[in-house]
Amino acid sequence: MELPAIYDPSVTEDKWYSYWLKHRFFHSEPDERPKYSVVIPPPNVTGVLHMGHMLNNTIQDVLVRRARMQGKNTCWVPGTDHASIATEAKVVALLKEKGIDKTGISREEFLEHAWAWKEKHGNIILEQLKKLGASCDWDRTNFTMNPDMSRAVTDTFVHLYNQGLIYRGVRMVNWDPQGKTAVSDEEVIHREVNEKLYYLRYFFSNDGKRGDGYLSVATTRPETIMADLAVCVNPQDERYLGLIGRKVLIPLIDKEIPVIADDYVTMDFGTGCLKITPAHDPNDYEIGLRHKLPVIDIIDPDGTLNDQAQILVGEDRFAARKKIRTMLQESGCLEKEEPYVTQVGFSERTDAVIEPRLSLQWFLKLEVPAKKALEYVEDGRVKLIPDKYRNTYRHWMETARDWCISRQLWWGQQIPAWYLPDGEVVVASTAEEALKLAMKKDPSLKQEDLQQDPDVVDTWFSSWLWPISVFDPGKPGHPQKTPNAELAYYYPTDDLVTAPDILFFWVARMIMAGEIYCQEKPFSNVYLTGMVRDKLGRKMSKSLGNSPDPIELINKYGADGVRMGLMLCTSAGNDILFDESQVEQGRNFCNKIWNAYRLVRSWKRDKSLPLEETSGQAIKWFRQLLASTREEMEDLFLKFRLSEALMLLYKRFWDDFCSWYLEIIKPVGTGKKKIDAATYDTTLEFFDILLHMLHPFMPFITEELWQNLYERNEGESIMVSSIPGTGSYKQEELEQFARLQELIVSIRGLRQKKQIPGKTALKLYIKGKFPENLYGIVKRMGGLEEVVPVKDTPREGNLYAFLIGTTEFFIPLGELLDTKEERSKLQGELEYYRNFLATVEKKLKNPNFVQRAPEQVVVTEQKKRSDALAKIAALEQQLSSLK
RNA sequence: GGGAGCAUAGCUCAGCUGGUUUAGAGCACCUGCCUUACAAGCAGGGGGUCAUGAGUUCGAAUCUCUUUGCUCCCACCA
């Protein structure tokens with residue numbers, strides 16, 4: 001078979017992916033084998049694959065493929081999330097382009113558009129994952145708004161309501177004026193913003209007219225003054241003691257409001273006077289409650305001022321701020337303004353400035369679930385990787401406030417609550433059941449008398465059920481129900497791979513749902529990936545244009561190359577600085593593997609040839625190296641140190657297998673490609689093992705070569721084949737070989753330095769310990785004609801001398817030896833070892849050290865001393881023989 | 001404002017339950033090579049007072065504290 005010198009991923013990747021699909025290797029059904037299950041963090045159905053997905057899904061695929069090769073019944077469940085607010089925003093924008101206003105169409109019409117859009121774009125991201133090689137069980141592809149998934153959400157709502165965990169109430173919520181919906185605390189992102197602090201004059205009231213004197217009140221939100229209901233000072237504040245109870249006038253509208261006192265106010269901030277606006281500030285709301293103030297809401301859901309404001313009606317809150325500033329100035333009520341840096345909340349999804357807003361919403365009590373979910377992590381039933389996230393996790397779980405779960409949107413699961421004409425509410429899974437409940441209160445009621453709550457639940461209220469409902473959608477909402485066979489087999493899942501920014505949104509809540517409905521964790525390990533940034537450490541964003549298109553990268557470098565590039569620079573929890581050069585390294589590695597295979601394939605197996613000593617020794621060494629590598633790999637995977645595992649394989653393949661093993665055994669001489677059968681067979685076996693170890697990281701090229709390695713039948717695949725055994729290893733023998741390598745590197749270095757061509761054969765004397773059965777390899781790799789063991793330093797002149805461990809080596813160089821240079825080299829080394837000896841002896845002469853240090857450490861130091869002494873003696877002798 | 005984490009070679013990182021010679025890897029870099037597997041390659045090589053200052057210790061990259069510089073999380077003092 002003639003193979004091209006350059007590996008071309010484009011001819012293999014699609015071929016093998018279709019092959020895997022055709023033979024349903026990704027599909028899993030419960031059986032008697034041990035299972036390994038993973039649920040994908042469902043990407044937004046509107047989403048397009050970005051580098052974060054690439055990283056995340058590569059990691060999952062590596063874990064999944066490795067488990068599968070270990071013989072586990074492996075199930076990776078894929079799917080997408082309906083992402084209510086993000087998707088709804090997209091659909092609204094899309095309709096707007098078509099000239100359709102959401103407010104002008106019915107809920108049903110809107111949902112039709114939304115579903116149509118989902119059908120058209122919803123699978124893009126999953127198709128992209130296939131390009132990456134993701135071995136998901138596509139038969140199980142799910143969607144958080146599939147009917148049975150939605151049913152699970154509804155049942156959960158009903159169950160938790162009946163448990164008294166869900167309640168409805170008026171609360172100050174985070175309002176997104178762009179999405180026109182409430183959002184949870186976690187969906188608000190605080191950013192520092194340069195604003196102004198305005199100092200406003202609230203004149204004392206003289207029967208509703210401006211009296212003498214005023215209170216100066218500092219605020220960042222002058223547009224809300226019309227909703228003021230008091231000015232508040234600290235009761236301890238001597239400046240204002242006599243003023244409590246007096247009335248002041250709101251600037252511009254001259255409305256009379258009282259001066260009240262509350263401990264909340266800090267005396268040394270601003271002027272010590274705080275305007276109280278209960279409708280538009282959470283703290284003011286609390287103060288308002290304490291002082292029984294009414295509430296005046298002047299801002300509409302879309303962020304514009306309403307009639308209640310009296311002035312600037314219809315203006316957007318920020319436009320109103322600008323205008324009111326001018327008006328205040330003109331009326332003499334703006335005392336001064338100063339620059340002020342403050343934290344402003346933005347909506348995670350729409351980036352609109354969050355407006356605190358009083359509204360009637362549904363809440364889920366988190367206190368008890370959070371406490372239980374904390375225990376899972378604290379006692380190690382759920383492990384976070386890296387461990388540092390335990391602190392943040394604990395902090396959040398200890399301070400979690402009730403979760404606002406209602407959203408004023410249409411795209412999502414509608415809240416299963418029905419209102420009776422008298423305003424009473426019934427909560428039930430279906431309209432019929434709701435009617436039954438309602439009729440218990442009033443038998444005359446009919447279906448049309450009931451009004452379903454128009455809101456939907458938060459997306460996370462569906463995704464927190466994901467690891468349960470993908471297996472058994474009937475289980476959420478029904479803690480007593482016996483789990484179906486799937487849930488019983490696959491749950492809890494093994495590993496979850498996700499980003500730390502949704503640790504609370506999602507991970508914590510899945511643990512809560514797991515506890516509530518299964519009394520069991522949803523997964524054992526949570527591997528938290530870092531964020532993918534560009535090489536300058538900046539976040540990848542569309543506006544910066546620094547985010548590469550993953551599909552283009554795959555087309556350019558191959559999926560294996562991209563996977564390797566990502567995996568090389570990922571350590572759990574640390575952000576990864578992505579640079580295309582890493583992907584290039586991945587591609588180069590593919591090419592290396594490819595060419596190693598080409599070399600092996602170019603040989604002719606010849607049964608009549610005997611096994612050469614050099615090959616025998618190389619085989620013995622490499623077999624042990626593989627055994628020790630597998631042991632290391634086990635350990636690295638256990639600790640989720642995936643980049644290190646890959647780097648280890650990279651070095652084993654490139655440095656050890658290619659540069660040493662293959663170079664030692666490869667047939668030499670022109671045109672001669674014959675190789676003895678034993679070496680040939682063993683080399684294929686080694687190749688087989690290496691391909692197996694590499695496969696989780698680089699599935700395509702390994703499958704391609706594995707298929708070629710031996711005769712294969714249709715239906716076979718590396719991904720479901722077992723790894724050949726490697727046996728045991730002896731550490732001393734590996735170390736011995738490492739010294740052999742060091743010797744050869746020294747000889748090559750000498751050649752390089754002295755410009756001795758490879759063809760010029762050299763002679764080597766060995767004084768000291770060095771196994772004779774490795775002479776052959778030394779000769780071959782070092783280009784030597786003779787290796788001579790000696791008892792004493794040879795008498796021969798012009799010897800180039802060097803040390804490895806305590807063994808001395810000499811190479812006669814004749815004219816080439818520069819005695820002066822040689823002497824200074826030896827003297828340099830001598831100085832080094834003398835200094836070294838000095839530090840060691842300093843330690844050993846220190847009675848404190850000898851007394852207090854552990855015996856083993858002292859022994860090591862003594863060994864260091866004797867070694868150094870031996871080396872110094874050797875060097876001195878070499879030096880004297882130079883003269 | 002509170003909390004957490006990080007700082008080791010030009011870059012990305014490992015080492016951090018203190019003691020395996022005087023700190024490692026990959027990439028990048030430098031030198032020499034188109035040696036019929038691979039120039040996406042081969043061979044060789046240089047490069048770090050482990051951010052700072054102090055302390056604990058016989059001994060510190062590793063433990064404690066100080067300073068500086070980044071990063072993240074939490075927190076609604078107008």
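Chain A is the first sequence line, chain B the second, and so forth, proteins listed ahead of strands; every chain is numbered from 1. The basis for the numbers below is simple: all heavy atoms, side chains too, and nothing from hydrogens, waters or symmetry mates. What you are looking at is a predicted structure, and each value in this text was computed from that prediction instead of being measured.
- The base of C77(B) is paired with the side chain of T266(A) by a donor and an acceptor separated by under 3.5 Å.
- V217(A) comes within 4.0 angstrom of nothing in the nucleic acid, heavy atoms only.
- Nucleic acid contact class of R587(A) (heavy atoms, under 4.0 Å, all strands): base.
- Taking the P atom of each, U52(B) and G45(B) are spaced 30 Å apart, rounded to whole Å.
- Contact annotation for N835(A): base contact, defined as any heavy-atom pair under 4.0 Å involving a base atom.
- In this structure, Y832(A) counts as stacked on the base of U22(B) under the 5.5 Å centre distance and 30° plane angle limits.
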Hey, what are the protein-to-nucleotides 6-9 of chain B N/O distances that come in under 3.5 Å?
none

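- Taking only distance into account, the side chain of Q343(A) meets the base of A75(B) through a donor-acceptor pair shorter than 3.5 Å.
- Secondary structure note: stems in RNA chain B built from 3 or more consecutive Watson-Crick or G-U wobble pairs under 3.5 Å occupy B:1-7 with B:68-74, B:10-13 with B:24-27, B:29-33 with B:41-45, B:53-55 with B:63-65.
- For a distance-only test at 3.5 Å, the side chain of E663(A) qualifies as a donor-acceptor partner of the base of A37(B).
- Among the candidates K336(A), E335(A), R201(A), the single residue satisfying the side-chain hydrogen bond (donor to acceptor under 3.5 Å, both in side chains) test with S216(A) is E335(A).
- Considering only the side chain of R748(A), G44(B) comes nearest among G44(B), C72(B), A40(B).
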Give the B/S/- string for nucleotides 11-16 of chain B, one per nucleotide from 5' to 3', where a protein heavy atom under 4.0 Å of the base yields B, of only the sugar-phosphate yields S, and otherwise -. -SSSS-

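- A donor-acceptor pair under 3.5 Å links the side-chain atoms of R563(A) to the main chain of F697(A), judged by distance alone.
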